[in-house]
Amino acid sequence: MRIDLHTHSNLSDGTSPPAALIASAAAAGLDVVALTDHDTTAGWEPAAASLPPGMTLVPGMELSCRWYGPDHPIGLHLLGYLFDPYHEELSAEMKRIRDSRDRRAERMVGLLRADGIDVTWQEIQGYAVGGVVGRPHLAQALIKRGLVDSVSAAFAPEWLGRRYRVPKEDVDVFRGLRLIRDAGGVAVFAHPQARSRGLIVPDELIGELAQAGLYGIEADHPDHGPAEREHVRRLAKELDLVVTGSSDYHGDNKLTRLGENTTAREAYEQLVAAGGGAPLVGG
Ligand code: AMP
Ligand code: FE
Ligand code: FE
Ligand code: ZN
């Protein structure tokens with residue numbers, strides 16, 4: 001069984017519409033795919049509607065969280081699976097994050113414009129068809145103007161990596177975890193060792209999250225090298241967390257391919273057994 005538990009459609013910052021993502025997943029030989037768009041569940045229905053026979057969709061999302069540790073706050077991502085999308089407090093929090101992404105992107109547009117780059121908020125909104133605006137959409141505008149030649153180049157410090165970056169609003173990670181669980185879902189810590197994205201959190205925090213009900217942790221992820229994967233596996237064993245693997249597919253916005261990393265069947269089955277806020281689709 002080939003299982004990929006972390007993908008993004010164009011309803012957040014991937015480039016494939018949900019139905020096209022499902023078709024690509026089938027073509028890549030995946031039996032199970034989780035759709036985990038940032039801060040939205042808008043892709044669940046179209047993905048489910050296009051599911052071919054024999055394939056399973058795990059409804060999910062990637063929640064933008066923050067840890068307010070002793071030094072400066074550190075951003076981190078929790079994958080939530082099989083939660084009730086109508087849970088009031090969770091869905092309100094997701095909406096708040098999506099709305100704040102708009103204001104944040106408008107501010108980033110303002111910074112670019114102040115430097116003579118004639119990007120407009122309207123253009124950026126046009127790229128973010130699902131209403132979840134992120135820096136990859138601003139990257140599109142920079143590429144279009146020939147200022148950078150790829151999305152990852154747009155994340156250099158002189159562009160969206162630092163100079164024109166405005167911090168994102170998000171949710172305290174312990175609250176985010178509680179909300180996913182309250183909504184009947186299962187939570188997995190996404191790419192905990194992805195240093196290329198910025199600061200990573202200490203293992204002690206992951207221990208505290210495990211005590212608070214975190215269920216799993218991503219080991220096999222494109223942003224983890226062999227040492228990081230090994231470190232996560234060791235930590236998972238120590239903390240009794242389920243280990244997952246995924247592509248974190250973003251369509252043409254990233255080089256990673258569907259099924260590039262996968263999750264073991266046993267881990268997947270444990271995770272599914274722990275989630276009760278929404279059913280699996282198909283299978
Ligand atoms: P934002 O949520 O607006 O802060 O943007 C972060 C998103 O940009 C992540 O979810 C990734 O999809 C993407 N991203 C982050 N770093 C890179 C990178 N170096 N190259 C391409 N995409 C990236
Ligand atoms: Fe993303
Ligand atoms: Fe992430
Ligand atoms: Zn992701």
Side-chain angles (χ1 to χ4, degrees), residues 3-18 21 24-25 33-44 47 58-67 74-81 94 97-98 100-101 104-105 108 124 127-140 150-155 160-161 165 167-171 173 176-177 180 187-201 206 209 214 216-224 228 232 244-263:
I3 302 160
D4 188 339
L5 291 183
H6 183 169
T7 70
H8 297 265
S9 77
N10 70 338
L11 298 182
S12 64
D13 59 4
T15 57
S16 314
L21 186 151
S24 304
V33 65
L35 180 63
T36 53
D37 276 312
H38 297 284
D39 310 313
T40 182
T41 58
W44 290 14
V58 184
M61 63 126 183
E62 188 172 17
L63 187 63
S64 303
C65 297
R66 194 155 297 262
W67 175 53
I74 298 179
L76 65 162
H77 291 167
L78 283 184
L79 293 159
Y81 300 106
M94 289 163 66
I97 295 173
R98 291 196 301 272
S100 75
R101 279 174 171 275
R104 170 217 192 202
M108 289 192 279
I124 304 303
Y127 299 139
V129 298
V132 184
V133 192
R135 283 179 288 167
H137 302 112
L138 286 138
Q140 294 304 327
S150 68
V151 176
S152 53
F155 275 82
L160 305 170
R165 175 179 166 268
K168 191 163 66 186
E169 267 183 44
D170 32 37
V171 49
V173 65
L177 174 59
I180 291 169
V188 170
F189 195 143
H191 45 72
Q193 292 272 313
R195 283 191 189 79
S196 60
R197 295 169 181 243
L199 295 172
I200 61 166
V201 302
I206 300 176
L209 290 170
L214 181 71
I217 188 164
E218 267 186 342
D220 297 315
H221 182 279
D223 293 355
H224 289 170
E228 286 80 23
V232 171
T244 68
S246 75
S247 63
D248 201 354
Y249 180 69
H250 278 72
D252 299 331
N253 277 347
K254 283 190 185 174
L255 296 174
T256 146
R257 302 316 343 155
L258 279 162
E260 184 174 308
N261 299 288
T262 53
T263 297

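FYI, the numbering just counts along the sequence from 1. Counting starts at 1 for both ligands and their atoms, in listed order.
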Check: His191 ring centre within less than 6.0 Å of His224 ring centre: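 His191 vs His224: aromatic centres not under 6.0 Å.
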Give a yes/no answer: is there an N/O/S atom of His250 under 2.8 Å from the Fe ion (ligand 2)?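 A backbone or side-chain N, O or S atom of His250 is under 2.8 Å from the Fe ion (ligand 2).
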Carefully, step by step, assess Asp248 and Arg197 under the rule salt bridge (Lys or Arg N to Asp or Glu O under 4.0 Å). CA-CA 14 Å; Asp248 201 354; Arg197 295 169 181 243; 3.2 Å; yes
Criterion side-chain hydrogen bond (donor to acceptor under 3.5 Å, both in side chains) on Asn261 and Ser246, from CA distance to verdict: CA-CA 5 Å; Asn261 299 288; Ser246 75; over 6 Å; no
Over 60° means perpendicular and under 30° means parallel, so classify the ring planes of His38 and His250, tilted if in between.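 Because their plane-to-plane angle lies in the 30° to 60° range, the rings of His250 and His38 count as tilted.
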Determine whether the side chains of Asn10 and Thr15 contain a donor N or O and an acceptor N or O closer than 3.5 Å.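 No, because no side-chain N or O of Asn10 sits under 3.5 Å from a partner of the opposite role on Thr15.
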Degrees at the Zn ion (ligand 4) between the OE1 atom of Glu62 and the OD1 atom of Asp248, nearest 10°: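 For OE1 of Glu62 and OD1 of Asp248, the angle centred on the Zn ion (ligand 4) reads 170°.
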If you consider just the N/O/S atoms, which atom of Asp13 is the closest one to the Fe ion (ligand 2)?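 Answer by atom name: OD2.
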Decide side-chain hydrogen bond (donor to acceptor under 3.5 Å, both in side chains) for Glu228 and His221; before the verdict, give the C-alpha distance in whole Å, the side-chain angles of both, and the deciding distance to 0.1 Å. CA-CA 9 Å; Glu228 286 80 23; His221 182 279; over 6 Å; no
With the threshold set at 4.0 Å, does a side-chain nitrogen-carboxylate oxygen contact exist between Arg66 and Asp170?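 Looking at Arg66 and Asp170, the cut-off is met.
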Distance filter under 2.8 Å, centred on the Fe ion (ligand 3) - protein N, O or S atoms that pass it: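 Less than 2.8 Å away from the Fe ion (ligand 3) sit Glu62 OE2, His77 ND1, His191 NE2.
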Tell me, which N, O or S atom in His6 is closest to the Zn ion (ligand 4)?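 In His6, the heteroatom (N, O or S) nearest the Zn ion (ligand 4) is NE2.
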I'd like to know if the Zn ion (ligand 4) has an N/O/S atom from His250 within less than 2.8 Å of it, counting both backbone and side-chain atoms.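 Short answer: no, not a single N, O or S atom is under the cut-off.
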Got a sec, which residues hit side chain to side chain donor-acceptor pair (under 3.5 Å) with Ser150, two or more places apart in sequence or on another chain?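 Partners of Ser150 by the side chain to side chain donor-acceptor pair (under 3.5 Å) criterion, ordered by chain and then number, come out as Ser152.
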